[in-house]
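Working notes, beginning with the structure itself.
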2 protein chains.
Amino acid sequence: MPEKGRPRSFDRADALMRAMQVFWEKGYEGASLAALTAAMGINAPSLYAAFGCKESLYLEAMELYSQTVGTEIWAALETAPKAREAISRFLDATARAYSQADTPHGCLIALGGLHQAAVPQAVCDAVSRHRGENIAKLRDRLEAAIAAGELPANVNTEAVATFYATVQHGMSILARDDGSYESLKHVADGAMAAWDVLTRDGKH
Amino acid sequence: MPEKGRPRSFDRADALMRAMQVFWEKGYEGASLAALTAAMGINAPSLYAAFGCKESLYLEAMELYSQTVGTEIWAALETAPKAREAISRFLDATARAYSQADTPHGCLIALGGLHQAAVPQAVCDAVSRHRGENIAKLRDRLEAAIAAGELPANVNTEAVATFYATVQHGMSILARDDGSYESLKHVADGAMAAWDVLTRDGKH
DNA sequence: GCCTTTCTGTAATGATCAATAAATATATCT
DNA sequence: AGATATATTTATTGATCATTACAGAAAGGC
């Protein structure tokens, strides 16, 4: 059944995607409403009618980022048969994604809400929670590898997961300074160089 | 010889230190003039007379950070006799500094200017350049180790330096989410687990 | 003493911020 | 057609931003 009233003249999903790109490049605090409306091709009242406020628009944009760009990066974690290959491909996908010439460098979530005073609390909480969930994803993958008998049971999965997630976060900062794939790939390779030590049996 | 005119009623160095703490916690974009003047205990005209403008105050605060907090963290790099111990102690000093309860978590420089649109270009350039200089410090230490015959000559010092600097940058983000020493130390340990592989002779 | 110089407090500047009021336009429903 | 509902455009709101005019205060030089 069709909607009542005047139909909106823009595509909501397309406008959201454009907003996401602005937040990705400029951050919450650097993305003015003027910049957002210009990129989205709409006026402020249309933005508020469709998305509520800047804060809720950001939260939607973050979810969209997670479900598009984020999904690409994290796909390897579940498709690769072995944990080592899963993490390695995850880091390489990160290096490739963060160095794309046609998108902002680094991750919207990793770089978001790092200065509490500059963003609404809900934004700070949302990105922080998302980063925590990403650590959990890595930990779960490592736990699965233990359950499969692939890794020793006494591997500190929380510590290893935190290490790889933290390397990925650092790659976002590196990507902002030096967006070359080569530099990012060196970091990914460096992190994988720790694999054998981090996943060996802790008993002597 | 004493100065002409009314003497300033506050200690410039103390005011700068307080400004540094505000920028450290809130970032350039989150640190309003109102917050700065409140923390510094002075009014806006005094701030402008003594420091020029917000941008130049930030640049001075960044230098102060580098010469106080930064120096503590990087001291190990030059005092430790061997490269491995130098890097290891550098990362442990980072974990300790970033988890201090009485200071903001993470690094002013690592977290600064990540969103170009939110800060003046000069601020963005200054923090980015500083991050680059930190990579160079690590690389120089590794080169010295090669010169001392401690490491094989074909170690990719730029890549290894970039890896360790990037881990440290990631630790700033982790410290904002979870400021515990334990988590940060796990990451430091994870990075050191890569040492042997990263510094072994590349020839087979 | 007065003059000059510099700093301090108050109050204001114009710019930009996110968010909205009012009027008009375009659709469905009866 | 007329009523209702939603969207759009233009212009505006009050808040906050960094910065500064202005007048009074506190020092040295004469």
Side-chain angles (χ1 to χ4, degrees), chain A residues 1-16 18-19 22-23 25-62 112-113 115-124, chain B residues 1-16 18-19 22-23 25-62 112-113 115-124:
Chain A
M1 48 175 149
E3 305 285 333
K4 270 211 296 197
R6 179 174 176 175
R8 87 164 42 99
S9 63
F10 61 94
D11 185 88
R12 192 184 188 279
D14 181 66
L16 178 59
R18 292 168 186 271
V22 174
F23 283 128
E25 180 190 344
K26 300 173 185 286
Y28 181 90
E29 58 275 18
S32 68
L33 238 67
L36 286 165
T37 52
M40 298 164 85
I42 61 178
N43 294 114
S46 297
L47 185 155
Y48 281 87
F51 299 101
C53 62
K54 187 184 176 184
E55 180 177 324
S56 49
L57 173 61
Y58 182 89
L59 296 176
E60 270 202 69
M62 189 196 69
H115 290 120
Q116 200 173 346
V119 299
Q121 192 60 41
V123 166
C124 196
Chain B
M1 47 174 149
E3 303 285 333
K4 268 209 298 195
R6 179 175 178 175
R8 86 162 44 99
S9 63
F10 61 94
D11 185 87
R12 192 184 189 278
D14 181 64
L16 177 59
R18 292 168 185 271
V22 174
F23 282 129
E25 179 190 343
K26 300 174 185 287
Y28 181 90
E29 57 276 18
S32 67
L33 255 296
L36 287 165
T37 53
M40 298 165 85
I42 61 178
N43 293 115
S46 297
L47 186 155
Y48 280 87
F51 300 101
C53 64
K54 186 184 177 185
E55 180 176 323
S56 47
L57 173 61
Y58 182 91
L59 296 177
E60 269 202 68
M62 189 196 70
H115 290 120
Q116 201 174 347
V119 299
Q121 192 62 40
V123 167
C124 195

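Below, each value reflects all heavy atoms present in this structure, side chains not excepted, and no hydrogens, waters or symmetry copies. So you know, we letter chains A, B, ... as the sequences are listed, proteins then strands, and number each from 1. As the structure is a computational prediction, the values presented were derived from the model and not from experiment.
The NZ atom of A:K26 sits 12 Å away from the P atom of C:dA18 (whole-angstrom rounding). If you take CD1 of B:I42 and P of D:dA25, they are 21 Å apart, rounded to a whole angstrom. For the pair B:L47 CG and D:dT20 P, the interatomic distance rounds to 12 Å; values are reported in whole Å. Rounded to whole Å, atom C1' of D:dA7 lies 15 Å from atom CG of A:D11. For A:K54 and C:dT16, the NZ to C1' distance is 12 Å, given to the nearest whole Å. The nearest whole Å value for the distance from the CD atom in B:E29 to the C1' atom in D:dC17 is 14 Å. Summarising the geometry, the separation between OH on B:Y58 and P on D:dA18 is reported as 14 Å, rounded to the nearest angstrom. Remark: P of D:dA18 and OH of B:Y48 are 7 Å apart, rounded to the nearest angstrom.
Contact annotation: B:N43 side-chain N/O to C:dT8 OP1/OP2 distance is not under 4.0 Å. Not one side-chain nitrogen or oxygen of B:K4 sits closer than 4.0 Å to the OP1 or OP2 atom of D:dA27. Taking side-chain N and O atoms only, A:S9 has no distance below 4.0 Å to OP1 or OP2 of D:dA7.
Where B:L36 and A:S46 each meet DNA chain D at their nearest nucleotide, the meeting point lying more 5' is that of A:S46. Mapping B:G5 and A:P7 onto DNA chain D by nearest heavy atom places A:P7 at the nucleotide closer to the 5' end.
Among the heavy atoms of the strands, none lies under 4.0 Å from B:A49. Looking at heavy-atom distances under 4.0 Å, B:A31 makes contact with sugar-phosphate atoms alone, never a base. Note on A:A50: nothing from the nucleic acid sits closer than 4.0 angstrom, heavy atoms only.
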For A:D11 and A:L16: C-alpha separation, side-chain torsions, deciding distance, then whether side chain to side chain contact (heavy atoms under 4.5 Å, CB included) applies.
CA-CA 9 Å; A:D11 185 88; A:L16 178 59; over 6 Å; no
Go through B:Y48 and B:L33 one step at a time and tell me if the side chain to side chain contact (heavy atoms under 4.5 Å, CB included) criterion holds.
CA-CA 10 Å; B:Y48 280 87; B:L33 255 296; 3.8 Å; yes
Worked verdict on A:Y28 versus A:K54 for side chain to side chain contact (heavy atoms under 4.5 Å, CB included):
CA-CA 9 Å; A:Y28 181 90; A:K54 187 184 176 184; 3.7 Å; yes
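Here the nucleotide nearest the side chain of B:P45, chosen from D:dA18, C:dA18, C:dT8, is C:dT8. The side chain of B:R6 approaches D:dG24 more closely than any other nucleotide in the set D:dG24, D:dT20, D:dA18.
When every heavy atom of B:H115 is checked against every heavy atom of A:E25, the shortest pair comes out as CD2-O, 3.6 Å.
Contact of A:R8 with D:dA7 (side chain to base): no donor-acceptor pair of N or O atoms is detected under 3.5 Å.
Annotation for B:Q116: atom CD does not count as buried by contact number, only 12 or fewer foreign heavy atoms lying within 6.0 Å.
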